[in-house]
Amino acid sequence: MEMSEPYATAVAAVAPLIWAIGTVEVHQTLKRVWAVRDERDRRMAQARAAMAAAQDQAGLERAREDWKRAEQQERRGLPSVFLYFMWVLLGVVMALCTVIALTWLGEEGGPGKASGADPGAAAFCQLSINGGLVFITLLPVAAALAEATGSLRRLRGTRQEFAQTEAAAVSRIEAGRASARTSSEDAPEPGRGSA
């Protein structure tokens with residue numbers, strides 16, 4: 001493969017487009033991730049608070065329903081930090097492609113003629129642009145898979161926290177019932193007042 005004027009022109013035009021499209025896509029994806037994460041966190045906090053405050057069986061059931069809705073929300077996100085690191089790497093590569101192509105086109109004496117036109121530069125640009133295209137195409141699929149895996153891990157931890165809160169609430173409610181039974185057994189029966 002050799003660098004030619006049409007090829008260098010195409011590289012200089014395509015690399016920034018891949019960069020721009022990827023930047024917009026990553027930003028929109030991250031906005032969705034953050035919105036889902038914030039909603040999930042809010043719902044899980046409400047469910048834990050409802051469970052901690054439950055005073056009867058109906059309160060327990062409402063808290064359990066809140067928790068189920070929060071778990072459904074948990075499954076909807078996409079990863080964010082991984083996307084940023086991958087995009088930084090791809091952004092640097094796309095910038096290098098553009099710089100190489102533009103430098104080659106701008107060399108004194110015509111495109112690539114002054115330095116003998118390094119074929120490695122053309123191969124680097126081709127590989128980088130192909131990688132960019134694959135990245136922005138497969139990014140949503142990879143992000144969804146990574147988020148699903150991470151969500152399952154986080155869900156395991158929050159389920160344990162909720163189970164502990166639920167066990168404490170059930171114990172508290174049962175203790176309240178036992179206390180109420182003991183109080184009613186200790187109370188004098190009607191009509192048998194003390195003499």
Side-chain angles (χ1 to χ4, degrees), residues 15 17-97 127-184:
L17 289 175
I18 292 173
W19 183 85
I21 291 167
T23 299
V24 170
E25 182 60 34
V26 167
H27 180 68
Q28 291 303 315
T29 301
L30 291 176
K31 282 174 55 177
R32 289 189 301 269
V33 167
W34 295 329
V36 168
R37 182 200 59 212
D38 292 347
E39 180 65 16
R40 177 205 65 219
D41 291 348
R42 184 187 65 75
R43 286 182 180 197
M44 287 187 164
Q46 285 176 339
R48 282 193 300 265
M51 184 58 72
Q55 297 297 321
D56 57 15
Q57 192 63 33
L60 281 174
E61 292 305 318
R62 281 191 302 275
R64 288 175 180 146
E65 286 301 315
D66 289 347
W67 183 257
K68 286 179 186 175
R69 285 191 293 277
E71 282 183 325
Q72 291 169 352
Q73 186 71 20
E74 166 66 23
R75 296 180 183 113
R76 290 187 47 216
L78 298 173
S80 59
V81 174
F82 175 74
L83 295 176
Y84 273 127
F85 285 122
M86 290 302 293
W87 184 243
V88 166
L89 176 64
L90 185 62
V92 167
V93 169
M94 289 298 106
L96 285 173
C97 282
L127 181 64
S128 299
I129 289 174
N130 289 343
L133 291 171
V134 168
F135 183 77
I136 64 172
T137 302
L138 297 179
L139 176 67
V141 174
L145 181 60
E147 177 59 26
T149 304
S151 289
L152 290 175
R153 274 190 234 116
R154 286 189 308 276
L155 188 56
R156 230 179 279 134
T158 53
R159 280 181 178 161
Q160 289 172 348
E161 290 174 15
F162 185 78
Q164 292 168 349
T165 305
E166 182 178 23
V170 168
S171 295
R172 185 179 62 251
I173 290 169
E174 287 176 358
R177 286 181 188 157
S179 175
R181 271 188 250 125
T182 304
S183 296
S184 67

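The first residue of the sequence shown is numbered 1, and numbering continues consecutively from there. Side chains are part of it too, since the values below use all heavy atoms of this structure and drop only hydrogens, waters and symmetry mates.
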Exercise. Taking atom types as modelled, find out whether Gln160 and Gln164 have a side-chain donor-acceptor pair closer than 3.5 angstrom.
Key: no

Rounded at 0.5 Å granularity, tell me how far [atom1] in [X] sits from [atom2] in [Y].
X: Asp66; Y: Arg64; atom1: CG; atom2: CZ; value: 12.0 Å
X: Lys68; Y: Arg43; atom1: NZ; atom2: CZ; value: 15.0 Å
X: Glu174; Y: Ser179; atom1: CD; atom2: OG; value: 13.5 Å

Quiz prompt | Within residues 48-57 or reaching into it, pairs that qualify as salt bridge (Lys or Arg N to Asp or Glu O under 4.0 Å) - sequence neighbours excluded | solution = Arg48-Glu161

Quiz prompt | Residues in side chain to side chain donor-acceptor pair (under 3.5 Å) contact with Arg62, at least two apart in sequence or another chain | solution = none

Quiz item: With Ile173, which residues qualify under side-chain contact (heavy atoms from CB on, under 4.5 Å), at least two apart?
Solution: Ala54, Leu60, Arg177

Quiz item: Residues in side-chain contact (heavy atoms from CB on, under 4.5 Å) with Gln55, at least two apart?
Solution: Arg172

Quiz prompt | Minimum heavy-atom distance Ala15-Cys97, with the two atoms named | solution = CB-CB, 4.0 Å

Exercise. Any pair with a residue in residues 156-183 that passes ring-ring contact (aromatic ring centres under 6.0 Å, His included), sequence neighbours left out, goes on the list, sorted by first then second residue, please.
Key: Trp67-Phe162

Quiz item: So, the side chain of Thr182 versus the backbone of Ala178: is there a donor-acceptor pair under 3.5 Å, distance only?
Solution: yes

